[in-house]
Every structure is written in structure tokens, then in C-alpha cells.
Amino acid sequence: MKLDNIFDSALKDTLFTDKSVLQISYKPDKIPHRDEQIEHVASILAPVLRGERPSNLFLYGKTGTGKTLSVKFVKDKLIKRAEEAGVNLRIEYINCKLQKVADTEYRILATLISKLGGSVPATGLPTDQVYSRFIELVDEKKQLFVIIFDEIDHALKKISDNFIYSLTRLNSELSLAQISIIGISNDITFLENIDPRVRSSLGEEEVVFPPYNALQLQDILQERCMDAFKEGVVDEGVIAKCAAFAAREHGDARRALDLMRIAGELSERDGSRKVDLKYIDLANKKIERDKVLDIVETEPKQFQLVLYSILQLTKEMKKKNISEKMFTGDVYNCYQDVCTKTKNECLTQRRISDIIAEIDMLGLINARVISKGRHGRTREIKHLISDNILDKVEAILVDGLGL
DNA sequence: AGGTATTCACATGAAACTATTCTCTGAGTTAGG
DNA sequence: TAACTCAGAGAATAGTTTCATGTGAATACCTGT
């Protein structure tokens, strides 16, 4: 019986000792190649042990460079030491990217309050009341309060700058407690286009997390694989390749770990006793594939319509065997046809232009602005979806659009 | 031939409009005293 | 009477349209040799 085999192998032949080690949520007890940053952060925050307010701190670096991990690491140690030293210290971590948790001013305050042990209704209260409730709670005893805003750029896109600004100015209103803010962002340009007042108050100190290089990634993987996999399952070469893959993607450690985990899962499913080189390739494809499919599926209808039009046009071009270059105008015409056919409302060219630019940002298409001289300026568009998932993508689109 | 001016087909920006979701207020309701 | 609920006014927000302006180079048009 085939099923039995599957279940049997799931029970017996697992390659992992502890898969969670490779998951993002895992907190290792050492963080290789981040000593400098960790020390820096620690030295900035150290004054809390003397009961002084530390400077506000701003961290940036691309995804998967260990920002969150390092901060949490320092946070835990610091809390421990503060307890020993008898300092009243609170450090709260908030991820602004998680919608429903903290992507509006109100919600951020609400989460903070609930972490402080208070409670507010999920909705219905005026924001300034929540605000004063928060102040009240913080100020009820002498303490240092450090708030960590992860992915702060996400929040500030939606919320007005002066929320953070007023948070930083809050100290003057507090008599007993003191507040410090740690902002984490993976968009380096983010600080440049916000209110300068916020910039200077938030960025009293800055720490940059550079991307890992291939060798460092290799170290990290090595370390984790020792705990995650059984012995002899993963070869040196496999780790090296995995590191190389991730290093190409701006040194994203998260990516490297995902790759490793999925490669492990795939080879386990195959009943292999080792994680082979080929599984890294497979895993890479799978990640890519899942990412693309996920994007296509979750984008709004108008995006799907545009993407569908682009795919249709590519097909037509191939049939007629002309070069597969297409321009905004072509796409718009095709899009209009598709809209009438599917009875969707048709947006302006202006909007489609923006949508095309956005799909470009998502990496599904390549849209380059070129000038064709007398024949105007336009975008030259080409889709980047690899052939082996084209059918799947199309199926999703057809399904989603009710064609 | 070489230089300048035009012109195309959109790109890019700003402002206004619209529909939907959130916030906030006060009236009405409930339960306990 | 205090607490709670809930409808509807008003504000915030996202997505879009309208209007306006900008852009790079192939091409048309000169100009003097």
C-alpha cells in the first residue's frame, strides 16, 4: 500500500532532528558574524542599567541580515541584567508589518497598552483617549520603557510621521517613566524621506547591518544544520551551494535557511537518506514558484487583468513569430478587450501605466522605459515568468477572473 | 553634412473624486443598586 | 445611575480619474558648403 509507505517513511526516516532550528522564529544562542553590531547596540542601550534613558536607536539593513534576531538577543540579555541590577526596565517588541496587530496608530497604542497589562476595546475609542491611557499606564511608576518597532517603514507609510515624533517628545510629559525608541527598517532610503524632525529624534544613534557574504552564510548554515539535521545528512558542498544561492540574493540568511529546510523536506519526501545537491536546486525552484503563484493569486483583480493581457499578448506574438517586445499601448488595447469580454470595468490608461510599473516592482514582468524617438516614449514590457509555471499562473488568472 | 526644431506616445505629477473602512459621539438599552 | 450597545455622522484611506506637464531621440526641416 502506497499510503502506508508514505506514512512509514514519515515516521521512521526523518532526516531532521529538530526542524524548528531552521525556522525563522528560532532563536539561536549565538549569532555568528554579528558581534560588532550586537556590541554596538548593547553599548548604546547599556545606560539603562544605571537607570538612564538610552538614546533612540535606528537599525537598518536588508531582509535576513539578522537585525531582528540581534535586537531580540540584546533585549533578552539586557532584561536579565536589569533584573539583577534591580532596575525597572521594560522592553517591548512590536512588529509593524503584521496587519491587524500594529499597522495603525490606534492599534500600535492598543498593543502597547495590552502589553502593559491594560486593556482597550478593539475599536470605538477616540485615539487621543487611548493615547492618554497609554501615558497613564507608562507613567504610573518609575521605569524605563524601550519600544522596538520592527519594520517601522511599513507603519510610517500609513501613519503620519508625527506619531513617532510625539512619542519621542513624550518624555517631557512623563514625570516618572522615560521612553526610548528603537526603529528597525530594511529600507535604507526610508529615513531620507520623512520629516527631518522625526529623523533627528529617531536617529540619535544608527547601526547598519550589512548583508552576509557567502562565507558567513556558510558558517551560519553549518551551525544550524548541526542542530537541525541528523549527522551525515548534509554535506559540506550542499551547504556551500545553499550559501552561494542565498548570497546572490543580497545575502539573505532567512532565504538560506528556508532553502535548506525545504531541500531537507523535499529529500525526505523522496525517501533519500541525504540532502543531495540537486535538492537545493529543486528547493530554489519551489520557493521561486510558490512566491510567484502567491503573488499572482493575492494581487487585486485589475492587476490580474493586466498580467493576463500581457501573457495573452506574448502568446500572440509567439504565434506570429515577431519579436516579443510589447509596449504600454499594446497592453492597454488588449486589456480593454479582456475587460469587455469579462465584463470588468475598464480603467484609464493612466492607471494601467501605474499598475504596469507596480507589477514590474513585484518582479513578474520587466518594464523598461525607452524612447522610440519619433514614435514616442513608452515602456518595453516582457514577462519574466518561467515556462514551467506559466500554465499554472494562467490557470490561476483564468480562475480568478472567471474566464 | 551638420545642426536645430518637431513630434510622438506615452511617463510622471498633482489634485480631485469616490467608495469603503475607521473613529467618535450621543441616544437608547440594560442591569444593578 | 453607571455601564454597555449600537446607529449614524464624520474622518481617514485606498483606488482611481482628470488635468497638466515632462521627456528622449528618430525624423523633418533648414542652412550653408
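Letters A, B, ... are given to chains in the order of the sequence lines, protein chains preceding strands, and every chain is numbered from 1.
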**Message:** Out of the candidates A:Leu49, A:Val87, A:Asp76, A:Val48, only one should pair with A:Arg81 under the side chain to side chain contact (heavy atoms under 4.5 Å, CB included) rule; please name it.
**Reply:**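 Among the candidates, only A:Leu49 passes.
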
**Message:** Exactly one of A:Leu364, A:Ile365, A:Leu397, A:Val306 should register a side chain to side chain contact (heavy atoms under 4.5 Å, CB included) with A:Leu311. Which one does?
**Reply:** A:Leu397

Using atom [atom1] of [X] as one end and atom [atom2] of [N] as the other, report the distance to the nearest whole Å.
X	N	atom1	atom2	answer
A:Glu299	C:dA14	CD	C1'	14 Å
A:Met326	B:dC10	CE	C1'	17 Å
A:Arg368	C:dA25	CZ	P	12 Å
A:Ile356	B:dC10	CD1	P	10 Å
A:Ile370	B:dC8	CD1	P	18 Å

Provide a list of protein-nucleic acid N or O atom pairs under 3.5 angstrom, restricted to nucleotides 1-4 of chain B.
none

**Message:** Between A:Ser180 and A:Pro54 (side chain of the first, backbone of the second, donor and acceptor by atom type, cut-off under 3.5 Å), is there such a pair?
**Reply:** yes

**Request:** For A:Arg289 and A:Ile389, indicate whether the former's side chain and the latter's backbone hold a donor-acceptor pair under 3.5 Å.
**Result:** no

**Request:** Report the residues that fulfil side-chain hydrogen bond (donor to acceptor under 3.5 Å, both in side chains) with A:Ser20, sequence neighbours left out, ordered by chain and then residue number.
**Result:**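 Expected list: A:Asp18.
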
**Request:** Could you tell me which residues satisfy side-chain hydrogen bond (donor to acceptor under 3.5 Å, both in side chains) with A:Glu288, sequence neighbours excluded, listed by chain and number?
**Result:** none

**Prompt:** Is it true that the NZ or CZ of A:Arg261 lies under 6.0 Å from the centre of A:Phe229's six-membered ring and within 45 degrees of the ring axis?
**Reply:**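 No; the conditions do not both hold, so A:Arg261 does not lie above the ring face of A:Phe229.
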
**Message:** Using a 6.0 Å cut-off, check whether atom CD of A:Glu84 has over 12 heavy atoms from anything other than its own residue.
**Reply:**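 Result for CD/A:Glu84: enclosed.
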
Under 3.5 Å donor-acceptor pairs involving side-chain atoms of residues 351-360 of chain A, not counting sequence neighbours:
{"from": "A:Arg351", "atom 1": "NH2", "to": "A:Glu358", "atom 2": "OE2", "distance (Å)": "3.2"}
{"from": "A:Ser353", "atom 1": "OG", "to": "A:Arg379", "atom 2": "NH1", "distance (Å)": "3.3"}
{"from": "A:Asp354", "atom 1": "OD1", "to": "A:Arg350", "atom 2": "NH1", "distance (Å)": "3.0"}
{"from": "A:Asp354", "atom 1": "OD2", "to": "A:Arg350", "atom 2": "NH1", "distance (Å)": "3.1"}
{"from": "A:Asp360", "atom 1": "OD1", "to": "A:Ala367", "atom 2": "N", "distance (Å)": "3.1"}

**Request:** Would you tell me if any nitrogen or oxygen in the side chain of A:Ser353 comes within less than 4.0 Å of OP1 or OP2 on B:dA11?
**Result:**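 For B:dA11, OP1/OP2 do have a side-chain N/O of A:Ser353 under 4.0 Å.
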
Pull out every protein N or O sitting under 3.5 Å from an N or O of nucleotides 26-31 of chain C, one pair per line with the distance.
{"from": "C:dA26", "atom 1": "O4'", "to": "A:Arg374", "atom 2": "N", "distance (Å)": "3.2"}

**Item:** Sequence-aligned protein contact record of nucleotides 16-22 of chain C, with B where the base is within under 4.0 Å of a protein heavy atom and S where only the sugar-phosphate is
**Value:** SBB----

**Request:** Using the salt bridge (Lys or Arg N to Asp or Glu O under 4.0 Å) rule, take A:Glu223 and A:Lys30 through it: C-alpha gap first, then chi angles, then the decisive distance, then the call.
**Result:** CA-CA 9 Å; A:Glu223 192 94 3; A:Lys30 29 177 170 164; 3.3 Å; yes

**Request:** Step by step, work out the salt bridge (Lys or Arg N to Asp or Glu O under 4.0 Å) result for A:Lys75 and A:Glu92.
**Result:** CA-CA 9 Å; A:Lys75 168 191 158 203; A:Glu92 290 301 347; 5.7 Å; no

